[in-house]
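Computation of the quantities below employed the complete heavy-atom set of this structure, encompassing side-chain atoms and omitting hydrogens, waters and symmetry-equivalent molecules.
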Amino acid sequence: MITSNKKSNFNDTDQVYYLVTNNHIHYRKNGFTAHSSHIIKKKNGLYINKATGEVIPNPKKSDLKIQNQQSLIRSYRNLFYTIENYVDTFKHSVTITLDYEKPQTNLDSLSHDFDCFIKRLKRYIKKVYPTYHYEYIRINEPHENLFEGKPKWHIHLIILGIAFIPIEDIRNLWKQEGAYIKSYTNRNGESAAKYFCGFLNAPEHTKSKNELDIKRSSKKRRLKYYTSGTDLFSTSRGIKTPTFRRGTYGKIKKKYPGETLNEGSKTIVIDGKIVNRFDYMNQKLIK
């Protein structure tokens with residue numbers, strides 16, 4: 001469970017984490033983090049009890065991402081900042097949904113079909129847009145309803161640097177039916193990022209509690225279908241996930257002046273215990 005407060009507490013002398021994207025800067029300040037685990041994993045795959053040094057033969061592992069809340073939050077936060085940064089950087093993009101006429105329940109087959117599609121897409125762009133530089137962000141997502149007890153998978157694809165591709169061409173390249181153009185857009189990166197993942201990792205990015213509840217109720221129910229080790233998203237080689245750096249708040253705000261969009265604090269509670277508490281602030285850069 002995540003509880004939020006709309007007021008943050010940043011002082012000029014505070015050590016903070018900050019992340020700069022094309023048009024935004026994001027601040028985080030940790031107030032409390034619980035470290036309750038007494039198990040460490042060695043390079044040889046063995047699990048060791050830190051207190052006793054004993055080998056743990058059959059450690060309990062999480063099979064679903066949703067069972068590891070911290071990992072889940074990190075994954076969606078990484079996706080949010082990646083989309084925000086590169087949609088702003090490239091200006092133009094095409095957002096596509098790649099789906100199936102016959103339900104796809106196998107992730108390996110989904111990846112194979114996507115790899116084949118990307119090879120065809122590369123040849124297509126080289127022929128139609130030979131001077132264009134493009135990248136992509138791929139997001140794997142299950143439908144809410146099941147097929148024979150299994151999740152039905154589809155792909156959201158953001159093609160960056162391309163302003164237009166006819167839907168008929170996309171369907172010919174996909175060859176699986178069920179391809180749709182979500183948008184041809186030059187919208188800002190924050191709006192694009194909110195569409196895909198604002199519901200979970202950053203509820204402060206939603207405009208109202210009702211909007212947040214709608215997004216959570218629809219998308220969060222699907223998270224149980226992501227098995228441990230399954231990538232929520234992948235990118236082309238030219239895309240690098242932005243990372244947080246550490247510094248003194250007073251110095252950073254002078255270097256990156258910004259207008260505050262939203263701020264607050266969050267407390268993350270799992271099984272009745274506080275595992276994390278932090279302040280955040282999101283600003284639009286003043287250029």
### Message
Under a plain distance cut-off of 3.5 Å, with no hydrogens placed, do Asn85 and Asn22 share a side-chain donor-acceptor pair?
### Response
no
Let me have the donor-acceptor pairs involving side chains of residues 241-260, under 3.5 Å, with sequence neighbours excluded, atom names and distances please.
from   : atom 1 : to     : atom 2 : distance (Å)
Thr248 : OG1    : Gln15  : NE2    : 2.9
Lys253 : NZ     : Asp12  : OD1    : 2.8
Thr260 : OG1    : Gln283 : NE2    : 3.0

### Query
Can you get from Phe80 to Tyr27 by hopping between Ile, Leu, Val, Met, Phe, Trp and Tyr side chains that sit under 4.5 Å apart?
no
### Task
Heavy atoms only: give me the nearest Asn145-Lys152 pair and the separation to one decimal.
ND2-NZ, 3.1 Å
### Message
Determine whether His156 and Ile137 satisfy the following criterion, side chain to side chain contact (heavy atoms under 4.5 Å, CB included), listing intermediate values before the conclusion.
### Response
CA-CA 8 Å; His156 293 295; Ile137 301 171; over 6 Å; no
### Task
Grab the two heavy atoms, one from Tyr280 and one from Arg28, that are nearest each other, plus how far apart they are.
CB-NH1, 3.1 Å
### Task
For the pair Lys29 and Phe278, evaluate side chain to side chain contact (heavy atoms under 4.5 Å, CB included) and give the outcome as yes or no after the intermediate values.
CA-CA 5 Å; Lys29 183 180 75 170; Phe278 60 89; 6.0 Å; no
### Message
Does atom NE2 (His112) have a neighbourhood of more than 12 heavy atoms from anything else shown, all under 6.0 Å?
### Response
no
### Query
Run the side chain to side chain contact (heavy atoms under 4.5 Å, CB included) check on Lys284 and Ile25 step by step: do they pass?
CA-CA 6 Å; Lys284 184 176 181 179; Ile25 182 167; over 6 Å; no
Validation: residues 113-132 side-chain donor-acceptor distances under 3.5 Å, sequence neighbours left out:
from   : atom 1 : to     : atom 2 : distance (Å)
Asp113 : OD2    : Tyr100 : OH     : 2.7
Arg120 : NH1    : Leu173 : O      : 2.8
Tyr124 : OH     : Asp169 : OD2    : 2.6
Tyr129 : OH     : Phe164 : O      : 2.5

### Summary
Sequence neighbours excluded, the answer for side-chain contact (heavy atoms from CB on, under 4.5 Å) partners of Asn140 is Leu110, Arg138, Trp153, Ile155
### Message
Please report the interatomic distance CG(Asn282) to CG(Asn262), rounded to the nearest 0.5 Å.
### Response
4.5 Å
#### Entry: Gap separating the OH atom of Tyr76 from the CD1 atom of Ile139, nearest 0.5 angstrom
9.0 Å
### Co-membership, hydrophobic cluster, residues Met281 and Tyr17, 4.5 Å side-chain
no
### Query
Within a strict 4.5 Å, meaning less than it, do heavy atoms of the Thr95 and Leu157 side chains meet?
no
### Single-linkage hydrophobic cluster, 4.5 Å side-chain cutoff, Tyr86 and Val20 together
no
### Short side-chain to backbone donor-acceptor contact, Ser236 and Tyr136, under 3.5 Å
yes
### Message
What's the separation between atom NE2 in His143 and atom CG in Asp99, rounded to the nearest 0.5 Å?
### Response
3.5 Å
### Query
Any chance the side chains of Asp88 and Asn23 put a donor and an acceptor closer than 3.5 Å?
yes
### Message
Looking at Val16, is its backbone amide N or carbonyl O close enough to the side chain of Asp14 to form a donor-acceptor pair, meaning the two atoms are under 3.5 Å apart?
### Response
no
### Message
Determine whether a donor-acceptor pair (N or O, by modelled atom type, separation under 3.5 Å) exists between the side chain of Glu135 and the backbone of Gly238.
### Response
yes
### Message
Are Lys266 and Arg277 packed together at the side-chain level, in the sense that at least one heavy-atom pair is separated by less than 4.5 angstrom?
### Response
no
### Query
Are any non-hydrogen side-chain atoms of Gln104 and Asn106 less than 4.5 angstrom apart?
yes
### Task
Flag the pair Tyr81 / His26 as yes when their ring centroid distance falls below 6.0 Å, and as no otherwise.
yes
### Task
Given side chain to side chain contact (heavy atoms under 4.5 Å, CB included), test Tyr180 with Arg171 step by step and report yes or no.
CA-CA 8 Å; Tyr180 310 96; Arg171 288 171 177 162; 4.0 Å; yes
### Task
Compare every heavy atom of Ala192 with every heavy atom of Val87, then report the nearest pair and how far apart it is.
CG2-CB, 4.1 Å
### Message
What's the separation between atom NZ in Lys102 and atom CD in Glu177, rounded to the nearest 0.5 Å?
### Response
13.5 Å
### Single hit among Ile181, Ile96, Asn172, Val94 for side-chain contact (heavy atoms from CB on, under 4.5 Å) with Ile167
Ile181
### Glu141 backbone acceptor or donor facing His154 side chain under 3.5 Å
yes
### Query
Judged by modelled atom types alone, do Ser191 and Asn188 share a side-chain donor-acceptor pair under 3.5 Å?
yes
### Message
Quick check: is Leu285 connected to Leu19 through a chain of hydrophobic side chains (ILVMFWY, heavy atoms under 4.5 Å apart)?
### Response
no
### Summary
Between the CZ atom in Phe196 and the CG atom in Leu232, the distance rounded to the nearest 0.5 Å is 13.0 Å
### Task
Drop me the distance from Thr89's OG1 to Glu84's CD, to the nearest 0.5 angstrom.
10.0 Å
### Query
Under a 4.5 Å side-chain heavy-atom rule over Ile, Leu, Val, Met, Phe, Trp and Tyr, are Leu107 and Leu146 clustered together?
yes
### Query
So, for Gly264 and Ser8, which heavy atoms are closest and what is the spacing to 0.1 Å?
O-CB, 3.4 Å
### Task
Looking only at non-hydrogen atoms, find the nearest pair between Ile158 and Ser93 and report the distance.
CG2-CB, 4.1 Å
